Student: 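The structure that follows is given in the form of structure tokens.
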There are 2 protein chains.
Amino acid sequence: MTEKQQNIFDTALNLFAEHGVDATSTSKIAIAAGVSEGLIFRHFKNKEGLLNAILSSGMEKADAYFHAIIGEIDPKTRIKKALELPFQIDSKDYAFWRLVYTLKWQRGSIESDGMELFRASLAEAFEQLDYENPSAEARLVEAIIDGIATEVLLKDIYPKPLLECILKKYKLNKLHK
Amino acid sequence: MTEKQQNIFDTALNLFAEHGVDATSTSKIAIAAGVSEGLIFRHFKNKEGLLNAILSSGMEKADAYFHAIIGEIDPKTRIKKALELPFQIDSKDYAFWRLVYTLKWQRGSIESDGMELFRASLAEAFEQLDYENPSAEARLVEAIIDGIATEVLLKDIYPKPLLECILKKYKLNKLHK
DNA sequence: CATTAGAGTGATTAATCACTTACAAATATA
DNA sequence: TATATTTGTAAGTGATTAATCACTCTAATG
């Protein structure tokens, strides 16, 4: 990636996240990136290609986090780590996640293979712990993660107290390790 | 409201919810509603005015639900009713809520006075029950509601099992009344 | 019957949209 | 040094955008 190409990538990500893809024109991206509009199309083919480059780059990094949780063998620890996910979002990645959550509502959620494995491994953990409805429990955890992530991404408040609260509900707050 | 005005209102709501406000042109609305484009501007002044009409109309109905919860005096019942909220969304209102959740990420969340009171009354309930951090508990419930509502609105699955799961965590599943 | 007001239309506006083309500058390779 | 190749630009393209325009139609009022 040349410097200008990286410029396009970064400013597009920020503008997409802040105002939405549809409200962000290629001309605005070019101006904000200090680049001619044509260069966007040279490097990324079209607007959709630019968006896809941003998404796949971000999901690659995200998949690493998911696999770290899948690899956790102890079911309690696995669930705990899953619930901790939204509290560990790197602030550098805020724009990316804002974009992902925005796109959920129009273009369907961006699914990586890591996310599917993550879902299944959660249900498996609840099953090992003899929960009554493991798959529903897994979906609930996913919903809670989404809800808290929304809280973290949209309101800039200190989220840690929420972690205490939710871990208590799952009796995971005094878990060794 | 004349029939055509109602037509514009309804089709705009559905298109806004499905594709987003920015991706929905006034010409598309007019065609889908079987109406001349000019009529949109006669009745609603501009696109923003149409959006505002849709939002304020919807929030009026939503406020009724919030006040029903605020009016509940027993703290446990109040919290339970709050957690039940996302499971009781009228399917006729799906489009409206999809629109609300979409707009959260770009134009800021649509806040009604009912919602602020709701938030405060939740914290009050947790305080009465001697929870350690009532305001954090209230924010957590809000986040959970948002997460489950997202689940309900985006995936068309049967959500009731999730209600069982979450009520158990709050020990509200065997609450009389 | 004459007047008025609101509902509704279709053509038209300037601006913006995503994207293309023609060409120059820079950089690598021979 | 000569020649490709890549990186970059400026000026365009037609299509679409939100909004306005002059206008017609209908129904009620006096």
Side-chain angles (χ1 to χ4, degrees), chain A residues 1-58 95-96 98-100 102-103 105-108 110, chain B residues 1-58 95-96 98-100 102-103 105-108 110:
Chain A
M1 271 220 210
T2 62
E3 198 189 317
K4 298 210 170 190
Q5 189 171 5
Q6 189 68 52
N7 252 9
I8 294 169
F9 186 100
D10 293 338
T11 58
L13 169 54
N14 287 320
L15 290 177
F16 284 166
E18 194 172 356
H19 305 104
V21 175
D22 293 309
T24 303
S25 66
T26 50
S27 107
K28 278 179 193 158
I29 297 170
I31 293 168
V35 144
S36 71
E37 198 177 348
L39 194 59
I40 294 173
F41 297 91
R42 159 128 300 158
H43 284 309
F44 299 98
K45 191 183 175 192
N46 52 29
K47 194 182 175 181
E48 196 71 20
L50 174 55
L51 176 61
N52 287 336
I54 289 169
L55 291 180
S56 55
S57 155
F96 169 72
R98 289 240 300 274
L99 177 57
V100 168
T102 302
L103 293 177
W105 295 93
Q106 269 113 47
R107 320 209 176 189
I110 327 294
Chain B
M1 271 222 211
T2 64
E3 198 188 318
K4 298 211 170 190
Q5 188 171 6
Q6 189 69 51
N7 252 8
I8 294 169
F9 187 99
D10 293 338
T11 58
L13 168 54
N14 287 320
L15 290 177
F16 283 166
E18 194 172 355
H19 305 104
V21 174
D22 293 309
T24 304
S25 67
T26 51
S27 108
K28 278 179 193 159
I29 296 170
I31 291 168
V35 143
S36 71
E37 198 177 347
L39 194 58
I40 294 173
F41 296 92
R42 168 158 308 266
H43 284 310
F44 299 98
K45 191 184 176 192
N46 52 31
K47 195 182 174 182
E48 195 71 20
L50 174 56
L51 175 61
N52 287 336
I54 289 169
L55 290 180
S56 54
S57 155
F96 170 72
R98 289 239 299 274
L99 176 58
V100 168
T102 301
L103 292 178
W105 295 94
Q106 269 114 46
R107 320 208 177 192
I110 329 292

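Values in this document were obtained by computation on a predicted structure and should not be read as measured data. Only this structure's heavy atoms are used, side chains among them; waters, hydrogens and symmetry mates stay out.
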Student: For the helix from C:dC1-D:dG30 to C:dA30-D:dT1, how many degrees between its two end axes (five pairs per end), to the nearest 10°?
Tutor: 0°

Student: Under the side chain to side chain contact (heavy atoms under 4.5 Å, CB included) criterion, do A:L103 and A:L55 qualify, and how do the steps go?
Tutor: CA-CA 10 Å; A:L103 293 177; A:L55 291 180; 3.8 Å; yes

Student: Looking at residues 48-57 of chain B, who's got a heavy atom less than 4.0 Å off DNA chain D?
Tutor: none

Student: Under a plain distance cut-off of 3.5 Å, with no hydrogens placed, do B:S27 and B:E37 share a side-chain donor-acceptor pair?
Tutor: no

Student: Between the side chains of A:N7 and A:E3, is a donor N or O closer than 3.5 angstrom to an acceptor N or O?
Tutor: no

Student: Applying side-chain hydrogen bond (donor to acceptor under 3.5 Å, both in side chains), can you list everything that pairs with B:R107, at least two apart in sequence or on another chain?
Tutor: B:E48

Student: Residues from residues 3-24 of chain B sitting under 4.0 Å of DNA chain D, heavy atoms only?
Tutor: B:T24

Student: B:G38 or A:S25: which one's nearest nucleotide on DNA chain C is closer to the 5' end?
Tutor: B:G38

Student: Taking 5' to 3' order, which nucleotide of DNA chain D is first and which is last to have an atom within less than 4.0 Å of a heavy atom in chain A?
Tutor: D:dT7 to D:dT9

Student: How close or far is atom P of C:dT9 from atom CG of B:L39, stated in whole angstroms?
Tutor: 6 Å

Student: Tell me, please, which residues at least two apart from A:E18 pass side-chain hydrogen bond (donor to acceptor under 3.5 Å, both in side chains).
Tutor: none

Student: Taking the side chain as C-beta and beyond, is there a heavy-atom pair between B:I29 and B:F16 under 4.5 Å?
Tutor: yes

Student: What is the separation between atom CD1 on B:I40 and atom C1' on C:dT9, rounded to the nearest whole Å?
Tutor: 13 Å

Student: How many Å lie between CZ on A:R42 and P on C:dA22, as a whole number?
Tutor: 13 Å

Student: Applying side chain to side chain contact (heavy atoms under 4.5 Å, CB included) to B:D10 and B:Q6, what does each step give before you reach the verdict?
Tutor: CA-CA 6 Å; B:D10 293 338; B:Q6 189 69 51; 3.2 Å; yes

Student: How many whole angstroms separate atom NZ of A:K28 from atom C1' of C:dA18?
Tutor: 13 Å

Student: Measure the CD1-CZ distance between B:I110 and B:F96 for me, rounded to the nearest 0.5 Å.
Tutor: 8.0 Å

Student: Would you mind reporting whether A:V35 and A:T11 have side-chain heavy atoms less than 4.5 Å apart?
Tutor: no

